[in-house]
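Down below is the structure, laid out as structure tokens.
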Amino acid sequence: MDRYTEIRSFVLVAEKGSFAAAALVEGVTPVVMGRRLDGLEKRLGVRLMHRSTRGLTLTELGEQFLEQCRHLIHEFDEAETSVSAGRDTVRGHLVVSAPAAFGRRHVAAHAPAFKARYPELKLSFNLTDSVVDLVREGYDMGIRIGEVTDPNYVAVRLFPNRRVVCGTPGYFARYGEPRVLDDLTRHNCLAFNLQGGQQRGWSFVRDGKLVAVRVDGDLDCNDGELLYSWVKQGLGIGWRSTWEIQAELKRGELVTVLDEFAAPAYDIQAVYPQQRYLPAKVRHFIEYLKGIYATPGYWERGY
């Protein structure tokens, strides 16, 4: 029997004046209420009530303990009410991890407007192209681009996205367009070189199967925004996300190739650790970003 149940039962019996009346409130039998009081007195090692055929009377220690118990139950109920209300109150400190370029342009950039809605909230961002351990490093949530396979995380899709091969019209005019995946070996491919990144190759679907194509080029780096800049300068071709290149595609500054081989599962996703109750600050920020990303024309504005 937990202590709270014993204490609550003791208060009910004292206030109602009998085990039968208290049992009606609790939805149990009078015998159960009696056992709860017996257990409490045994654990405390004192007599709280005198029982007789004429009724129940509190001992002197019982009267003192009753007032203390009423106070404890009130504080407990207040604490529960406060926490329950807090589930829908956006406040506290929200700590977010996101990819560097995407986070700069499409996550942290929206923080001031979100903060204006919820002035009691503090936001912190870590923008890195490394995949961080959200739990161990103390993050409330992260933004990921691509598939999330860790069963300890919940993933919420924010917006559909693909990875495509792209380059400038000038580059393709000089070197031709790749028509099949094997043609990539004849092109200057600008790849991400961070450990665990594109050194494994660029992913495509060929004959219904996911394949990785090893690529090579005379420039690589661990910064996605710099790679994106080199592609726009016509220095080579890149394997970029559609969220990143929509404005340039619309203006004709970049074109995509090998689209029929583009692999799925590169959606923009919010992830957070598995937990019974999702904090309001996380839930509202996720919904806020989803709303922004779904705004018609958002990705073509070239932020």
For the residue pair S229 and Q233, confirm or rule out a side-chain donor-acceptor distance under 3.5 Å.
yes
Counting only N and O atoms by type, is there a donor-acceptor contact under 3.5 Å from the side chain of E41 to the main-chain atoms of L48?
yes
Below 4.5 Å, heavy atoms only, C-beta onward: do T242 and Y266 meet side chain to side chain?
no
At what distance, to the nearest 0.5 angstrom, does CZ of R8 lie from CD of E26?
5.0 Å
Quick check with a 6.0 Å cut-off and a 45 degree axis cone: is K281 positioned over the face of F285's six-membered ring?
no
Do R51 and L56 have side chains that approach each other closer than 4.5 Å (heavy atoms only, starting at C-beta)?
yes
Electrostatic pair R186-D183, nearest N-O below 4.0 angstrom
yes
Donor + acceptor pair across side chains of Q269, Y153 (<3.5 Å):
no
Report yes or no: does R144 contribute a side-chain atom to a donor-acceptor pair with the main-chain N or O of A155 at less than 3.5 Å?
no
Answer yes or no: are there more than 12 heavy-atom neighbours, outside Q275 itself, under 6.0 Å from its atom CD?
yes
Can a donor-acceptor pair be found, under 3.5 Å and without considering hydrogens, that links the side chain of T59 to the backbone of G62?
yes
Can you tell me how the ring of Y293 sits relative to the ring of W299, calling it parallel under 30°, perpendicular over 60° and tilted otherwise?
tilted
ring-ring contact (aromatic ring centres under 6.0 Å, His included) between H110 and F114, worked out:
CA-CA 6 Å; H110 301 302; F114 186 72; over 10 Å; no
C189 pairs by side-chain contact (heavy atoms from CB on, under 4.5 Å) with which of D220, V215, D216?
V215
Backbone N or O of I268 within a donor-acceptor pair of the N161 side chain at under 3.5 Å?
no
So, are R117 and E287 salt-bridged, with charged N and O less than 4.0 Å apart?
no
Ion pair check, E67 and R70, cut-off under 4.0 Å:
yes
Fit a plane to each ring of H106 and W243, take the angle between them on a 0 to 90° scale, and name the class: parallel (under 30°), tilted (30 to 60°) or perpendicular (over 60°).
perpendicular
What distance separates R36 CZ from E6 CD, expressed to the nearest 0.5 Å?
9.0 Å
Looking at F159 versus Y298, is the centre-to-centre ring distance below 6.0 Å?
no
Any chance NZ of K16 has more than 12 other-residue heavy atoms, nucleotides or ligands included, within less than 6.0 Å?
no
Please check this pair: side chain of T256 against backbone of V164, looking for a donor-acceptor N/O pair closer than 3.5 Å.
no
Can you tell me if S9 uses its side chain to pair, donor with acceptor, with the backbone of M33 under 3.5 Å?
no
